[in-house]
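Report on the structure given below.
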Number of protein chains: 2
Amino acid sequence: MESDASSLPRDARIDIDRFLATIERSATIGTGREGGLSRLALGDADKAMRDQFVVWCREAGLAVSVDAVGNIFARRAGREDHLPPVVMGSHLDTQANGGRFDGIVGVLGALEVVRTLNDLGHVTRRPLEIVNWTNEEGARFSPPMTASGCFAGAYTVDWVHARPSDDGPTFGEELRRIGYLGGAPVGGRALDAYLELHIEQGPILDAEKVQVGIVSHALKSHGFLVAFHGETAHTGPWPMERRRNALVAAARLLVSVDDLGWQLAPTGGKATAARLVAWPNKAGTLSDWAEAVCDVRHDDPATAAVMAERVERAIGEAAARAGCTAEVLDRWEWGGRIFDEEMVALTRRHAGGLGYSHRDLPSQAGHDAYFLARVCPTAMIFTPCRNGITHNNKELADRDDLAPGINVLLHSAVERADR
Amino acid sequence: MESDASSLPRDARIDIDRFLATIERSATIGTGREGGLSRLALGDADKAMRDQFVVWCREAGLAVSVDAVGNIFARRAGREDHLPPVVMGSHLDTQANGGRFDGIVGVLGALEVVRTLNDLGHVTRRPLEIVNWTNEEGARFSPPMTASGCFAGAYTVDWVHARPSDDGPTFGEELRRIGYLGGAPVGGRALDAYLELHIEQGPILDAEKVQVGIVSHALKSHGFLVAFHGETAHTGPWPMERRRNALVAAARLLVSVDDLGWQLAPTGGKATAARLVAWPNKAGTLSDWAEAVCDVRHDDPATAAVMAERVERAIGEAAARAGCTAEVLDRWEWGGRIFDEEMVALTRRHAGGLGYSHRDLPSQAGHDAYFLARVCPTAMIFTPCRNGITHNNKELADRDDLAPGINVLLHSAVERADR
């Protein structure tokens with residue numbers, strides 16, 4: 001029953017103009033700074049984008065379902081529709097100063113693959129599914145990749161629903177409010193494979209003028225959400241030795257984290273001070289509460305683990321120095337050699353077969369694919385992005401950057417689904 | 001025409017029960033955490049308190065006027081009403097986790113003085129005025145003591161009106177919205193004297209069981225509002241050496257400021273990390289903007305000046321270390337030997353004459369009196385507060401703490417007005 005190669009004509013190509021028009025339409029929903037997007041997870045703009053995506057999927061003849069954490073699946077039946085699907089996708093949410101490409105090219109690229117197959121009248125043996133994962137960015141709810149993590153069994157649905165947003169309402173409340181609290185169970189079903197197309201979010205492909213990135217592995221990353229508790233007092237008379245300023249504790253942690261990044265920079269390590277909030281955070285008063293988000297990343301998992309240990313120590317030291325107590329509210333990690341060798345080889349073979357220059361490289365950002373790799377054979381395909389700039393309205397990828405990667409996605413997915 | 005002493009009977013006393021009932025009523029307007037207040041300047045609760053204060057003043061037969069920065073003056077005519085008034089007051093606004101006493105005892109204590117004079121049928125030679133200064137706390141608009149500073153000529157009305165709040169609207173917009181953009185000119189008129197009663201906001205009087213604090217001078221304080229500018233980028237792939245994370249710059253400044261406070265703590269110096277905000281301040285993205293508020297204080301003005309220089313150096317170093325630029329948006333200073341010797345002697349004499357234990361001590365917080373000292377003879381009277389706790393809902397002063405200070409205010413103001 002299995003065949004060695006795709007039955008798709010070797011010269012089949014996606015329609016880059018149609019794809020770019022789709023990206024253009026997406027770029028009008030939740031506009032941010034000039035040219036960019038500010039489409040935070042489960043906000044009004046995310047709802048509007050989801051609604052548009054569902055319309056496009058239905059126009060393409062797909063059956064849409066939504067699960068209990070808001071993940072949207074759009075299914076194209078296979079010739080043997082009982083077989084587990086080949087899933088393609090990424091996320092439509094963005095950072096507050098996000099670009100218009102990021103994970104969006106992974107979701108809308110998958111849609112373009114399906115539209116191309118519709119044009120060709122090609123029905124794959126296994127079903128195909130497009131997925132939009134909820135809150136990949138973590139820009140409104142911590143941790144990032146919440147809903148793909150839940151799909152992979154890392155988090156329970158109740159835990160995800162209880163995540164607070166930076167601006168008040170919970171994940172579950174916002175899902176309900178925007179109408180994307182779906183009835184489908186989260187995960188717990190067999191997937192044949194998962195393929196995620198994404199812009200590189202790094203400078204390598206653009207600098208080397210390589211057309212397609214074959215993602216070999218992922219930087220190991222450890223993230224922390226930490227709360228500090230102190231006591232309010234007057235900034236004037238209160239003696240230094242009696243102060244319990246939670247803002248100082250959080251600032252000390254973030255400086256230690258940044259120092260750590262600089263220490264490991266010679267070996268490519270990074271450490272990030274990402275977020276700090278405090279209360280009351282006012283002139284005249286010491287703050288009695290602060291929360292900080294930080295992470296460390298390194299290509300070598302052992303080094304990343306040492307960095308994480310040093311962050312843990314820094315949390316205690318920062319709290320003690322400021323007379324506060326610390327509480328690690330959340331901790332996440334991802335990365336390593338998680339991708340499926342056969343799947344990676346599949347994408348590499350098609351990149352070469354289609355005549356594109358390509359190279360293996362690690363992924364440095366976090367991606368939903370990291371969680372999917374826990375439940376099915378998974379690979380990622382990177383497209384170049386200009387100067388590696390991302391999470392910035394100046395993020396840029398043009399037709400020549402994008403078409404090769406989407407074509408590799410097309411041929412890889414179809415070969416996998418047809419085998 | 002001048003007499004040596006007040007014509008007020010030596011046994012005249014304020015009605016502490018009436019005063020405490022007035023404080024109780026105030027404590028229901030803009031409630032915060034248990035027992036405390038959250039009555040930020042020019043918010044809805046501040047408006048409600050102002051309205052109540054104006055009603056009380058009119059009930060006491062006072063003529064109320066409001067100036068163009070929202071300062072409320074309530075005037076009791078003198079026998080020679082053309083003479084410059086003796087002014088008593090402080091502020092009714094609070095911090096976000098404020099107590100119910102703070103500057104409120106200064107305004108409502110002055111009201112109690114007037115009510116007592118009404119009961120006694122005593123009309124002073126010079127007019128008396130009660131004043132409520134706008135935004136003493138600086139908890140919503142920077143800098144603190146904005147409107148007394150404007151009254152004293154330190155700031156123009158236009159500049160004050162343009163101050164942005166932490167939550168969006170400007171000082172001028174909020175004045176207009178709550179109906180306290182008054183028609184009276186700001187300052188520019190002669191005052192005979194200014195007397196401000198305030199809780200100590202420090203532990204000395206309570207620890208030593210002394211009933212009245214005679215404020216000899218003010219700690220020298222330098223404050224800074226600093227903005228840092230960087231660039232957003234992804235927290236994962238972006239190399240450390242290309243990062244321009246404004247959150248890191250602000251955190252580095254605040255840690256340097258806290259370190260400075262510890263270095264000077266052995267000589268009673270303090271340095272405070274008061275506020276930090278950043279944008280987008282999200283997991284996954286480096287922030288391209290951050291703002292920090294900090295201040296330094298020392299009893300020795302020369303040392304305070306050295307501390308301020310070190311903050312200025314730290315601003316540049318923090319920005320450079322994080323690849324950002326820094327901009328000092330605002331800078332304020334106050335304190336020193338600013339009070340009028342004769343006025344201070346007047347309050348000291350009455351504290352003794354009324355049989356209260358008293359001692360001289362410096363003021364460590366900022367107060368409107370610091371600006372008033374620029375335009376007329378000024379003194380401050382402190383009442384004890386439990387354990388020195390303030391800017392905290394646990395702030396506490398009872399009848400025995402408060403009555404002596406208000407009686408000293410009564411006799412001092414009347415002697416000054418009757419001379």
Side-chain angles (χ1 to χ4, degrees), chain A residues 95-97 137-140 142-144 166 200-203 219 221 223 231-241 245 247-248 250-252 254-255 258 261-262 265 270 272-286 288 293 295 297 322 364-366 388-392, chain B residues 95-97 137-140 142-144 166 200-203 219 221 223 231-241 245 247-248 250-252 254-255 258 261-262 265 270 272-286 288 293 295 297 322 364-366 388-392:
Chain A
Q95 290 283 336
N97 188 26
E137 294 289 3
R140 201 174 161 226
S142 181
D166 294 348
E200 180 197 342
Q201 303 191 292
L219 252 63
S221 175
E231 185 149 33
T232 71
H234 196 294
T235 56
W238 209 235
M240 292 304 294
E241 56 274 18
N245 188 348
L247 172 55
V248 166
R252 286 192 178 277
L254 294 189
V255 168
D258 190 60
W262 282 99
K270 284 133 193 161
T272 301
R275 176 170 164 82
L276 192 165
V277 286
W279 193 91
N281 199 34
K282 294 285 193 183
T285 298
L286 309 181
D288 69 2
V293 174
D295 65 55
R297 304 181 197 220
Q364 303 195 73
I389 292 169
T390 185
H391 289 191
N392 188 302
Chain B
Q95 290 283 335
N97 187 28
E137 293 290 4
R140 199 172 163 228
S142 181
D166 294 349
E200 182 198 340
Q201 303 191 293
L219 253 65
S221 175
E231 184 148 33
T232 72
H234 195 295
T235 56
W238 208 236
M240 292 302 296
E241 57 273 18
N245 188 349
L247 173 55
V248 165
R252 285 192 178 278
L254 293 189
V255 169
D258 190 61
W262 282 100
K270 284 132 194 163
T272 301
R275 177 170 162 83
L276 192 164
V277 285
W279 194 91
N281 199 33
K282 294 285 192 182
T285 299
L286 309 182
D288 68 2
V293 174
D295 64 55
R297 302 181 198 221
Q364 303 195 72
I389 291 169
T390 185
H391 288 192
N392 187 303

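Chain letters run A, B, ... following the sequence lines, proteins first and then strands; every chain starts at 1.
For B:A278, no part sits under 4.5 Å from any heavy atom of chain A, backbone or side chain. In this structure, chain A has a heavy atom under 4.5 Å from the backbone of B:E137, while its side chain stays farther away.
Of the listed residues (A:G223, A:G138, A:P280), the one with the most heavy-atom contacts under 4.5 Å to chain B is A:G138. Of the listed residues (A:A96, A:G202, A:G284, A:S142), the one with the most heavy-atom contacts under 4.5 Å to chain B is A:G284. Comparing B:E200, B:R140, B:E231 by heavy-atom pairs within less than 4.5 Å of chain A, the highest count is held by B:E231. Contact tally against chain A (heavy-atom pairs below 4.5 Å) for B:G236, B:P237, B:G366: the top residue is B:P237. Taking chain A as the reference chain and counting heavy-atom pairs below 4.5 Å, the highest number among B:D295, B:L254, B:V248, B:V293 is found for B:V248. Each of B:S221, B:A233, B:A265 has some count of heavy-atom pairs under 4.5 Å with chain A, and the biggest count is that of B:A233.
With hydrogens and angles disregarded, a donor-acceptor distance shorter than 3.5 Å links the side chain of B:N392 to the backbone of A:T232.
A:N281 and B:R275 get closest at one heavy-atom pair: O-NH1, 2.9 Å. A pairwise comparison of heavy atoms in B:A274 and A:A283 identifies CB-CA, 3.9 Å as the closest pair.
Rounding to the nearest 0.5 angstrom, the gap separating the CD atom in A:Q95 from the CG atom in B:L286 is 10.0 Å. In this structure, A:K282 NZ and B:D166 CG are separated by 3.5 Å, a value rounded to the nearest 0.5 Å. The NZ atom of A:K270 sits 10.5 Å away from atom NE2 of B:H234, with the distance rounded to the nearest 0.5 Å.
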Practice item. Take A:M240 and B:D258, measure what side-chain contact (heavy atoms from CB on, under 4.5 Å) needs, and give me the verdict at the end. Key: CA-CA 9 Å; A:M240 292 304 294; B:D258 190 61; 3.6 Å; yes
Review point. Step by step, would you call A:N97 with B:T285 a side-chain contact (heavy atoms from CB on, under 4.5 Å)?
Key: CA-CA 8 Å; A:N97 188 26; B:T285 299; 5.6 Å; no
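Side-chain contact between B:T235 and A:R297 is present, with heavy atoms from C-beta onward closer than 4.5 Å.
For the side-chain contact (heavy atoms from CB on, under 4.5 Å) with B:W238, the lone residue among A:T272, A:I389, A:T390 that qualifies is A:I389.
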